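What follows is a single structure, written as structure tokens, with notes after it.
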Amino acid sequence: MAWMLETIAILSPIIGGFIYGFERVVKARMQNRQGPPLLQPFYDFIKLVEKRAIQVHSFHSMMGLAFFFATWFTLAAFLCGPNILVGLFLHILALAFLIIGGFSVLSPYSVMGSLREIIHLMCVEPILILVAVGLFLVTGSWSVRDILSYSGLPILYLPLVFIAFVLIIPAILKKSPFDISEAHQEIIGGPEIEYSGFFYEAIYTAKWIEYVFVFAIVFLFTGVHWWLGLALSLLVFLFINALDNSTCRANFHQMIKFAWFVLLPLAALNIFVLALWRYVI
Amino acid sequence: MSAKIKSPWILHYNCGSCNGCDVEILACLGPKYDLERFGIINKGNPKQADIFVVTGPVTKRTRARLLRLYMQIPEPKVVVAVGTCACTGGPFRNMYNVENGVDRFIPVDVYIPGCTARPEAILKGIKKAIEIWKIKTKESIEVPVVIQKEFEETLSKMVLHGQTVDRRKIIHDLVNKYIKNNLEVTKCD
Amino acid sequence: MENKMIVPFGSQHITLLEPVRFIFETENEKIVNVDVDVGYVHRGIEKACQTKLNYKQVAYIIPRICGLCAMSHALAYITAVEKILEFDPPKKAKYLRVLVHELDRIHSHLFAMAHVAEAAGYENLVMHLFRDRELAMECLEILTGNRVQYDYGCIGGVNRDLTPEVEKILRKKLKKLEDRIHWFKDLYMNDYTLSLRWKGIGVISKEMAEKYNAAGPVARASGVRTDARAEFDALPYRDLGFEMIVYKDGDIYSRNLVRLDEIFVSLRIIWNILDGLPEGNYKEEVKGLPKGESVCRWEAPRGELFMHVRGDGKQILTRVRVKTPTFSNIPVLRELFVGANYADVPAIITSFDPCMSCTAR
Amino acid sequence: MLKMFIESLKNLFSEPATLPGIGTEAPKGYRGLIVFNKEKCIFCTKCELVCPVDAIKFIYPEDGSRNLEFNYNPFLCIYCGECVRACPKDGALIQTNIVPEPGTQEDNPNEKWFEIERRAQESKKKWQIALAKKRQEALKKAKKQPPSDKKGSKK
Amino acid sequence: MYKNFEVIESSLEKIKEDIKNFYDPSKYHFITINAIDLGNGKVNIKWFFAKYEVMDKPIAFSVDATYEDTIPSIVDIIPSAWLSEAELADLFGLNIEGAKKGLFLEPDSPPAPLRRS
Ligand code: SF4
Ligand code: SF4
Ligand code: SF4
Ligand code: SF4
Ligand code: SF4
Ligand code: SF4
Ligand code: SF4
Ligand code: SF4
């Protein structure tokens, strides 16, 4: 257990790759197709290494790399650091690299994608912070290690926060109905459009790490019962994919409305009640 | 490397076809044929694509765009011409606004005949294209057919003068010149 | 950052099969101005039909204007020529023409619906539509010998008979298809996210549709009662249970429903044909050279197709003019964009089901 | 939404609709490659005439005989079947259900065909001259002696 | 000659007036404008209309003109006609008021390709 978190943080691209590969298989099967092999993300990875990279300008490419390393670092800080809030703030920073990179090129799709990415941030981060606060209220600690050794089941105290979090996962992972910043049919991938070869690889892999990040948060909701955590993650995974496959893309007004007027109050209510119960009564 | 051939991403461009073959390409992505099981994704973005799938005879207005898309795809890349009209011009051969097959402009690696090409034929053709793609590397330099003559002339001139030769740059400049000469009526950004 | 942004849409774009180019001037993702360029696919087919090809060969080049309604183009041309020659094809040929034409409509409508769903980011629905569209494609393939370019009609009738084995397969597949269409109808009526995305978006009022002469499902979704199948006497639609589908709202959602309901009508027509196919020849010899002028209005899947043919008594025709459905719908499309949201653009465009390859020819 | 949600989960545990391998064979009536049968052909060149895209070209022999060389470009053919319908001789030209194979740069569907088209055009002119000459000779012969030998190919 | 549509003969000066009097957007559907080259620099132009929902023959207004004539535009009566007019201006090289050229043709395409020459 001692080195578990560190190992996960270091191996996160590989773990994330498997999750992503598995997801593609599940998605294909849900669409009644056979789907790619499980190792497909790694094949893509190798392929991208062998492609010539066309750089728009070096700053833009650097932002792509920065996004990857920042995301990786974010996960490490989140898992091994003393305070998950640090991880969440770093997460914003990592996305900021992507956004700046997106703004730095002339392509209108990239710029529009970056604008939409900011909207994503505004929807996602408040809820992530509420998740952190909720977990703190339940377990009394900001660190992942302590939360994971909490003997109770945080999800029992935080049902609404959990629901809010699950419903915002599509926005974090850019899945339907909230795949607005990537919107393949509208802006062809958004901020990532101008990356190619090796630099696109960085963006592509950073996405895998986000998977680990999301499912690590799901894990936190079950405290020390990691078997339950595994089951819960699988359930959430299936739910997210089925949702992805049974909805069409919302537009960004609808996403903001949903995140701020439905999910945020929901989560806030949960935390408010919990705080009252913990500290007042 | 064997892993490479399992992940070809395609870019599809229609340069004046009747849609017949485009529809069949889309049908290939559907559940019945499911190209994704071979790792193939339809990327709408030339910068991340490997296989350039072209349909249709080249019309006068699409030729500059075709060249630009071709140049934007990073090496190694292969070009697949789908349908009779992309191979030779087919039913539209020698019409006044048509420049016939795609290989008048860019080097085509695989020709898929048929009007319309059957999805099975497209699958077979793409598999063939992957075999060709496997051998190419990121150092391979391909010269678009339209500028080949000029390219060779420029090259021999430069060699004669003892200048250092950057083939890629020469190609780039020549293509840009060509595109400028055949600029589309409406400019983008 | 400045407020105005120019967003090019096309000519190569993932939701568009074809090269067409829209240039949007947007303000905070709201469109304030549009420019449209439809000429990418101009090939010069009309010219070739008037100079190189004789009037029988034209029947095989004209469907290559566009693959998705290949059957409509070919049959409209053939009908126009037959009208000039004052030839009436045998009844069986007419029935078989309707059969293939309606199958063509089914696959085209399913494709169009998939296209709109794709633009809305609803990938699973796309896949389901594509899967079930294959049933119609298989029917067409065994019946005509090709999946898209059927080359089924010819001057004088049709090129192939409907054999009993083929009929048996058709019946089986169409039965399956019908069940699936019922399933889709149910889904379209009840899906919340679809209505969120499509209801009230891209609305064309009845007045606007009439003012800009919209055609096909686009017009019918706005409440304009127009359908060339009921307005032109080329094929025996009246005997086959044809019914016009009209919706009132004129938004993306009703355009989809029009298409969905038309599939039911097509299926009913096909059942009627299979049950009551007349005996007789499927092809007859046609004599004489075309001399005179005639027109043909034809309800292609996307709307009214119009052919104007003139022959001067020679092998080669004097004029072949094709007015295609999308050609009629471009003006209203352009008007519609101003004030729309950029995020809705793909959905609006695809809900028109545009086909540039026939617009420019 | 709910309907699709359930359908998705159902699909997850059912057989995918994907065909194995590369897909099905073309059905019996598929309009595939045109196959030419030299033994049966009477070289009326009707097929060349009706073809809307000129995918059939005959190269004429120089001696004015009827021993034409059939050329066919599968990369140009639109598989309409018009040539087969026009052919007066059963079995000389058949439309099979073979799906044409994809070609590579070695097949070179364009330059090779341009060469054939050029040769076809030239050879036809020569052939016409040769034929005219032959006719004249035949006429002369016919005048000299009663007909014993008809014009036509011997080789 | 005209096998299955009715033709109303008109002239260049009168055509706009005629169409204005005739066209009722809620009753008639404007189909398209077409031109036919009659040879010798003469051209015949037809405006096609059809009735909604009734099985009836299409109606065409026919005008004979030469390539030098200026042809009145009907965009102010039928706004959707701009596309047909632009096409004719492009492919036949007709002088139609206000129609922009270059919709289909590139600078190096043959000018006015549908003219007989
Ligand atoms: S998306 Fe295409 S048209 Fe637009 S800027 Fe990029 S290359 Fe040019
Ligand atoms: S090959 Fe035939 S079916 Fe395919 S795009 Fe060309 S004309 Fe259309
Ligand atoms: S205007 Fe600029 S961005 Fe657009 S195609 Fe031309 S060079 Fe490229
Ligand atoms: S409307 Fe589209 S699908 Fe129909 S014939 Fe024209 S191009 Fe083809
Ligand atoms: S818009 Fe016209 S050309 Fe294009 S597919 Fe439709 S009918 Fe064919
Ligand atoms: S069949 Fe008769 S008409 Fe035709 S080429 Fe032979 S001899 Fe001539
Ligand atoms: S099938 Fe059609 S295109 Fe092909 S050779 Fe025969 S006539 Fe020509
Ligand atoms: S039409 Fe038939 S018999 Fe005549 S040349 Fe062609 S293949 Fe031979």
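Remember, it's a predicted structure, so these values are computed and weren't measured experimentally. First the proteins, then the strands, lettered A, B, ... as listed; each starts at 1.
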> Measuring from Cys28(B):SG to Phe130(C):CZ, what's the distance to the nearest 0.5 Å?
Replying inline: 10.0 Å
>> Taking side chain to side chain contact (heavy atoms under 4.5 Å, CB included) as the definition, give me every residue that meets it alongside Ala59(C), ordered by chain and number, with sequence neighbours left out.
In response: Tyr77(C), Ile78(C)
> Is it true that atom NZ of Lys127(B) has more than 12 heavy atoms of other residues, nucleotides or ligands lying nearer than 6.0 Å?
Replying inline: no
>> Can you tell me which of Gly20(B), Pro57(B), Gly90(B), Cys21(B) forms the most heavy-atom pairs within a distance under 4.5 Å of chain C?
In response: Gly20(B)
> Do you know which of Met127(C), Glu138(C), Arg131(C) makes side-chain contact (heavy atoms from CB on, under 4.5 Å) with Lys32(B)?
Replying inline: Glu138(C)
> Atom OG in Ser17(B), atom CZ in Arg64(C): separation rounded to 0.5 Å?
Replying inline: 12.0 Å
>> Nearest 0.5 Å, please: how far is OG1 in Thr116(B) from OH in Tyr150(C)?
In response: 8.5 Å
>> List the residues meeting salt bridge (charged side-chain N to carboxylate O under 4.0 Å, His left out) with Arg133(C), not counting sequence neighbours, and say none if there are none.
In response: none
> Quick one: what part of Phe92(B) sits under 4.5 Å from any heavy atom of chain C, side chain, backbone, both or neither?
Replying inline: side chain
>> Between Leu26(B) and Phe111(C), is there a side-chain heavy-atom distance shorter than 4.5 Å?
In response: yes
>> Rounded at 0.5 Å granularity, tell me how far CD in Glu141(C) sits from CZ in Arg118(B).
In response: 4.0 Å
>> What verdict does the side chain to side chain contact (heavy atoms under 4.5 Å, CB included) test give for Gln149(C) and Thr84(B), after you've listed the backbone C-alpha separation in whole Å, the side-chain angles of each residue and the deciding distance to 0.1 Å?
In response: CA-CA 12 Å; Gln149(C) 290 289 2; Thr84(B) 293; over 6 Å; no
>> What part of Ile25(B) gets within 4.5 angstrom of chain C, counting heavy atoms only: side chain, backbone, both, or neither?
In response: neither
> What part of Glu99(B) is in contact with chain C, defined as an atom under 4.5 angstrom from a non-hydrogen atom: side chain, backbone, both or neither?
Replying inline: neither
>> Less than 4.5 Å apart, side chain to side chain, heavy atoms only: is that true for Glu134(C) and Pro31(B)?
In response: no
> Can you name the nearest heavy-atom pair linking Ile61(C) to Pro91(B), along with the distance?
Replying inline: CD1-CB, 3.7 Å
